[in-house]
Amino acid sequence: DRHYSKTKPWQTSRMRTDSLELLLSLANVHAGCQVLVHDGGCDGLLTGAVAERLAGRGRVLTVHNGTQPATRLVSHFNFDRAALDSIYAVPFARLPPPPTLSPALPDAASSAAEPTHPAPCSSSVPSGPAAAANCAVNPEAAEVAQAAEVAEVACSAAVPPAERRLSQAVQLLGGGQLDSLLVASQFEPSSAFLPLLPYLGLSRPFAIYCQQLQPLAELHLKLVKSGTATNIDLAETWLRDYQVLPGRTHPEMQMSGASGFVLSGIKVSADR
């Protein structure tokens, strides 16, 4: 991050090291948690930083626009296979219906709104102890059960690995119990943050980065009026580099003037 913040700040929305560290700390990103990320305008820097802190113990669900995520900088972290496997990319178009606080039976409207996915192969042949007892009584059932097992293995092998990982990520989102929410946006953070907020669990933290103050101030007002968050804070980061040499220790003559603003808070239930 320090290289890009000094040489190519426009590629990472002018996010400095201190801003990135503040985002990770406010969102309480640690090993073992499941983090929802929208890396808009940072070219994968935020996604890579979260995956580095998780160190392969946890999941990073990065939601993106279009068909491919912008994660070019993730390859610069030199992750091992465990860290790379912890990153799941989900397009906005494949997000499941927002979960509700109280479980309810799905109605026709919600069923129609659900996106269509390839249906897993199913069989009416019993499995487990029931299948073993059935096979002991009827020898022909053993052949049927074996054929059904072979068909199930062939069906799972036919599903592409990317589609299988996407289905796993969508299933995690549907639970609505993610541990952290991180959003980085160049222009309008509300359009990305508000649709993702229902997937965050209660009493879980969130943090939003934006270069401009006004969009975050408007989002701050929306959160206060809706009552869906507490401990809401809007801050600006500031960093001063020092030159440390014998007899010549002083602040550097040229420094970065601004590195955006950070809005943070904790999600609570509005029905209180």
Side-chain angles (χ1 to χ4, degrees), residues 1-31 33 35-55 58 60-64 69-77 79 87 178-194 196-197 200 204-221 223 229 231-243 251-267:
D1 171 57
R2 200 161 185 83
H3 167 74
Y4 280 92
S5 63
K6 287 183 174 296
T7 60
K8 302 175 182 178
W10 59 88
Q11 290 190 359
T12 58
S13 297
R14 301 188 179 277
M15 182 185 293
R16 286 197 312 251
T17 305
D18 55 318
S19 301
L20 182 60
E21 294 171 352
L22 183 63
L23 280 171
L24 299 178
S25 299
L26 291 175
N28 193 26
V29 178
H30 59 277
C33 65
V35 186
L36 182 59
V37 179
H38 174 65
D39 198 342
C42 292
D43 210 6
L45 175 63
L46 185 58
T47 301
V50 173
E52 184 180 37
R53 180 162 291 194
L54 295 183
V60 185
L61 282 71
T62 172
V63 183
H64 58 89
T71 55
R72 185 179 61 87
L73 295 184
V74 174
S75 60
H76 295 188
F77 283 82
F79 286 140
I87 302 176
L178 298 181
D179 299 314
S180 303
L181 173 58
L182 284 166
V183 174
S185 178
Q186 282 184 310
F187 307 107
E188 185 55 49
S190 299
S191 60
F193 171 75
L194 294 179
L196 298 179
L197 185 60
L200 182 67
R204 302 310 206 281
F206 61 83
I208 311 151
Y209 171 84
C210 186
Q211 287 184 254
Q212 291 79 26
L213 175 63
Q214 185 64 26
L216 290 181
E218 295 175 357
L219 180 56
H220 182 286
L221 183 60
L223 292 174
N231 285 4
I232 308 173
D233 181 65
L234 180 56
E236 179 184 10
T237 61
W238 189 74
L239 178 69
R240 167 172 284 181
D241 293 325
Y242 276 80
Q243 170 185 296
E252 290 190 358
M253 307 306 295
Q254 295 182 352
M255 295 177 292
S256 173
S259 179
F261 303 86
V262 177
L263 176 65
S264 61
I266 298 176
K267 180 183 176 182

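- Remark: L73 CG to L45 CG distance equals 6.0 Å, nearest 0.5 Å.
- One N or O on the side chain of S75 and one on the backbone of R72 form a donor-acceptor pair closer than 3.5 Å.
- The two residues N28 and S180 make their nearest non-hydrogen contact at O-OG, 3.9 Å.
- Minimum interatomic distance between L46 and C42 (heavy atoms only, all atoms of both residues): N-CB, 4.4 Å.
- Proximity of Q212 to S185: side-chain heavy atoms (C-beta onward) are nowhere separated by under 4.5 Å.
- Side-chain contact between L181 and I208: absent, with no pair of heavy atoms (C-beta onward) separated by less than 4.5 Å.
- For the side-chain hydrogen bond (donor to acceptor under 3.5 Å, both in side chains) test, residues two or more places apart in sequence or in another chain that qualify with T47 are D39.
- Considering OG1 of T237 and CD of E21, their distance stands at 10.5 Å, rounded to 0.5 Å.
- Taking CG of L216 as the start and CD of E236 as the end, the distance is 11.0 Å to the nearest 0.5 Å.
- With contacts defined as side-chain heavy-atom distances shorter than 4.5 Å, the pair L234/L213 qualifies.
- With hydrogens and angles ignored, the 3.5 Å screen pairs no side-chain donor or acceptor of K267 with any backbone N or O of F206.
- Here L200 contributes atom CG and L182 contributes atom CG; the two are 10.0 Å apart, rounded to the nearest 0.5 Å.
- For H38 (side chain) and V183 (main-chain N/O), no donor-acceptor pair under 3.5 Å exists by modelled atom type.
- The minimum heavy-atom distance between R53 and S25, with the atom names listed, is NH1-N, 4.0 Å.
- The main-chain N or O of M15 is never found under 3.5 Å from a side-chain atom of S19 such that the two would form a donor-acceptor pair.
- Checking L23, L24, V37 one by one against V29, the side chain to side chain contact (heavy atoms under 4.5 Å, CB included) holds for a single residue, L24.
- Taking all atoms of both residues into account, the shortest heavy-atom contact from V74 to G48 is CG2-N, 4.0 Å.
- In terms of heavy atoms, H220 sits closest to L263 at CD2-CD1, 3.7 Å.
- Taken to the nearest 0.5 Å, the CD1 atom of I232 stands 9.5 Å off from the CG atom of L221.
- Heavy-atom minimum distance, A27 versus P205: O-CG, 3.3 Å.
- For the atom pair CG of L26 and CD1 of I266, the computed distance is 10.0 Å after rounding to the nearest 0.5 Å.
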